[in-house]
K.L.:
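Below are the structure tokens for one structure; questions will follow.
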Number of protein chains: 2
Amino acid sequence: MKDFSSPECQGAHRAMRDTLDVIGGKWKLVILSIMLERKWRFKELVREIGISPRILSKELQELEINKLITRTVCNTRPITVEYEATSHSRSLEPVIRALREWGVAHRQEIIGRKENAVPQLSN
Amino acid sequence: MKDFSSPECQGAHRAMRDTLDVIGGKWKLVILSIMLERKWRFKELVREIGISPRILSKELQELEINKLITRTVCNTRPITVEYEATSHSRSLEPVIRALREWGVAHRQEIIGRKENAVPQLSN
DNA sequence: CTGTATCCTCCGTGATACTG
DNA sequence: CAGTATCACGGAGGATACAG
């Protein structure tokens, strides 16, 4: 349990920490980013993002717990599942769009137009 | 080196990945968030954030490499160092503010007003 | 197709002590 | 004060196979 009475939680960054607890990590914003586009099926996400099924499953569960996506099982053969953004996650849409645009701007800021030559953007 | 020709980098989320490579992780946005307020000294940040010196040092170096903060050594005895946000990082200010506000809103969305009772916000 | 189980690796993080 | 060195650890993330 987070200790809300601890000194570091009294400052202006408590809310930021809360946010990062929910949408932080390597994948959540990437998932939400493309999830805002349309409905997706599990395997579509695996392929589109390039993520392992295990990790994706875990991430989706956590997003669903926080009411950022919905999971809908369809009556098909075989069973298919649709994941979709909620209105709550759509409240993040301007932020996500801004973060994407900033990524593009940063690439210009740091490297000029020299694509594919940025140590800071390496994996 | 990131493989920009790989399939998962052709989609709409490449820019988001780039952004997360720079300001992702556990600390960067928290640091930038309070860094936008004013100048800070090293130890001030350690205390304010509740982060170990080693980690803070590493984070600050990475932020400086990406031109998000400046590091200024002052001619004092003993030496002091001031860290300050750059204009480049100030371009993130609206986003950071939005993320903070979203953290507050999310707390309400998920838990109502029941403070200190959120499994999803635990450490 | 939609996941879960299992195993494993490595990086991020922390504590502490220490140097300049 | 501003860091760095060293040691240690847990957990996030990945690969693969498999189950329903």
Side-chain angles (χ1 to χ4, degrees), chain A residues 1-3 6-8 13 17 20-31 35 39-66 69-84 119-123, chain B residues 1-3 6-9 13 16-17 20-31 35 39-65 69-84 119-120 122-123:
Chain A
M1 189 57 183
K2 173 177 289 189
D3 181 7
S6 65
E8 74 267 19
H13 56 286
R17 274 259 62 97
L20 292 178
D21 285 341
V22 178
I23 60 170
K26 187 173 182 177
W27 296 112
K28 297 229 167 52
L29 277 174
V30 173
I31 292 171
M35 206 77 120
K39 292 180 184 175
W40 293 81
R41 297 225 310 271
F42 188 83
K43 190 150 198 177
E44 284 182 315
L45 290 170
V46 168
R47 274 205 279 257
E48 172 73 14
I49 303 177
I51 186 177
S52 72
R54 195 181 73 85
I55 303 298
L56 178 61
S57 176
K58 184 175 71 65
E59 299 289 311
L60 291 175
Q61 284 174 21
E62 293 170 1
L63 289 173
E64 192 187 5
I65 286 175
N66 282 296
I69 61 170
T70 58
R71 179 180 181 277
T72 307
V73 181
C74 304
N75 292 326
T76 54
R77 294 281 310 211
I79 283 178
T80 57
V81 179
E82 284 182 344
Y83 291 93
E84 190 175 12
Q120 295 80 3
L121 295 179
S122 299
N123 277 331
Chain B
M1 188 58 184
K2 173 177 287 190
D3 182 6
S6 66
E8 73 269 17
C9 279
H13 56 287
M16 178 60 80
R17 273 260 64 96
L20 292 178
D21 286 341
V22 178
I23 60 171
K26 185 173 181 177
W27 298 111
K28 297 232 166 49
L29 278 174
V30 173
I31 292 172
M35 206 77 119
K39 293 180 184 176
W40 293 82
R41 297 223 311 269
F42 188 84
K43 191 148 197 178
E44 283 183 317
L45 289 171
V46 169
R47 275 205 278 256
E48 174 71 15
I49 302 178
I51 185 177
S52 73
R54 194 179 75 84
I55 302 298
L56 178 60
S57 176
K58 185 176 70 65
E59 300 288 313
L60 290 175
Q61 284 173 21
E62 293 170 1
L63 289 173
E64 192 187 5
I65 286 176
I69 61 169
T70 59
R71 178 180 183 276
T72 308
V73 180
C74 304
N75 292 325
T76 54
R77 294 281 313 214
I79 283 177
T80 56
V81 180
E82 284 182 344
Y83 291 92
E84 190 175 13
Q120 295 81 2
S122 297
N123 277 332

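None of the values given here were measured: they were computed from a predicted structure. Throughout, a chain's letter reflects where its sequence line sits, starting with A, and its residues are numbered from 1.
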K.L.:
Is the base of dT13(C) touched by the side chain of Arg54(B) through a donor-acceptor pair closer than 3.5 angstrom?
P.N.:
yes
K.L.:
Given dT4(C), is OP1 or OP2 found less than 4.0 Å from the side-chain N or O atoms of Ser57(A)?
P.N.:
yes
K.L.:
What is the separation between atom CD1 on Ile51(B) and atom P on dT4(D), rounded to the nearest whole Å?
P.N.:
13 Å
K.L.:
Rounded to the nearest Å, what distance is computed from the CD1 atom of residue Ile55(A) to the C1' atom of nucleotide dC8(C)?
P.N.:
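Roughly 12 Å, once rounded to whole Å.
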K.L.:
Checking side chain to side chain contact (heavy atoms under 4.5 Å, CB included) for the pair Val30(B)/Arg17(A): CA distance, chi angles, key distance, verdict?
P.N.:
CA-CA 7 Å; Val30(B) 173; Arg17(A) 274 259 62 97; 3.5 Å; yes
K.L.:
Please give, in whole Å, the distance from dC1(C) C1' to Asn75(A) CG?
P.N.:
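Answer to the nearest Å: 15 Å.
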K.L.:
Using only side-chain N and O atoms of Trp27(A), determine if any of them is under 4.0 Å from OP1 or OP2 of dG14(D).
P.N.:
yes
K.L.:
Across the strands shown, which category fits Glu44(B) at heavy-atom distances under 4.0 angstrom: base, sugar-phosphate, nothing?
P.N.:
nothing
K.L.:
On the nucleotide dG3(D), are OP1 or OP2 found under 4.0 Å from the side-chain N or O atoms that Tyr83(B) carries?
P.N.:
yes
K.L.:
Rounding to an integer number of Å, can you tell me how far Leu56(B) CG sits from dA5(D) C1'?
P.N.:
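Taking atom C1' of dA5(D) as the reference, CG of Leu56(B) is at 17 Å.
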K.L.:
So, does Gln61(B) get its side chain near the phosphate of dG3(D), meaning an N or O under 4.0 Å from OP1 or OP2?
P.N.:
no
K.L.:
Measure the spacing between CZ of Arg41(B) and CZ of Arg47(B) and express it to the nearest 0.5 Å.
P.N.:
9.0 Å
K.L.:
Within the structure, does a side-chain N or O atom of Lys26(A) lie under 4.0 Å from either OP1 or OP2 of dG14(D)?
P.N.:
yes
K.L.:
Give, for atom CG of Leu60(A) and atom CD1 of Ile69(A), the distance between the pair rounded to the nearest 0.5 Å.
P.N.:
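Answer rounded to 0.5 Å: 4.5 Å.
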K.L.:
May I have the distance from Lys58(A) (atom NZ) to dA5(C) (atom C1'), rounded to whole angstrom?
P.N.:
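Result: 15 Å.
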K.L.:
May I ask you to say whether Glu82(A) pairs ionically with Lys39(A), meaning some side-chain N is under 4.0 Å from a carboxylate O?
P.N.:
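A salt bridge links Glu82(A) with Lys39(A).
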K.L.:
Would you kindly give the CH2-to-P distance between Trp40(B) and dA2(D), to the nearest whole Å?
P.N.:
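Roughly 13 Å, once rounded to whole Å.
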K.L.:
Between dG3(C) and Arg71(A), is there an OP1 or OP2 to side-chain N/O distance shorter than 4.0 Å?
P.N.:
yes
K.L.:
In whole Å, what is the span from the CD1 atom of Ile49(B) to the P atom of dG3(D)?
P.N.:
13 Å
K.L.:
Could you say whether Glu59(B) or Pro53(A) is positioned toward the 5' end of DNA chain C, judged by the nucleotide with the nearest heavy atom to each?
P.N.:
Pro53(A)
K.L.:
Nearest whole angstrom, please: distance from the C1' of dT13(C) to the CD1 of Ile31(B).
P.N.:
13 Å
K.L.:
Can you tell me if NZ on Lys43(B) sees more than 12 non-hydrogen neighbours from other groups inside 6.0 Å?
P.N.:
no
K.L.:
So, does Lys43(B) get its side chain near the phosphate of dC1(D), meaning an N or O under 4.0 Å from OP1 or OP2?
P.N.:
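The answer is yes; a side-chain N or O of Lys43(B) sits under 4.0 Å from OP1 or OP2.
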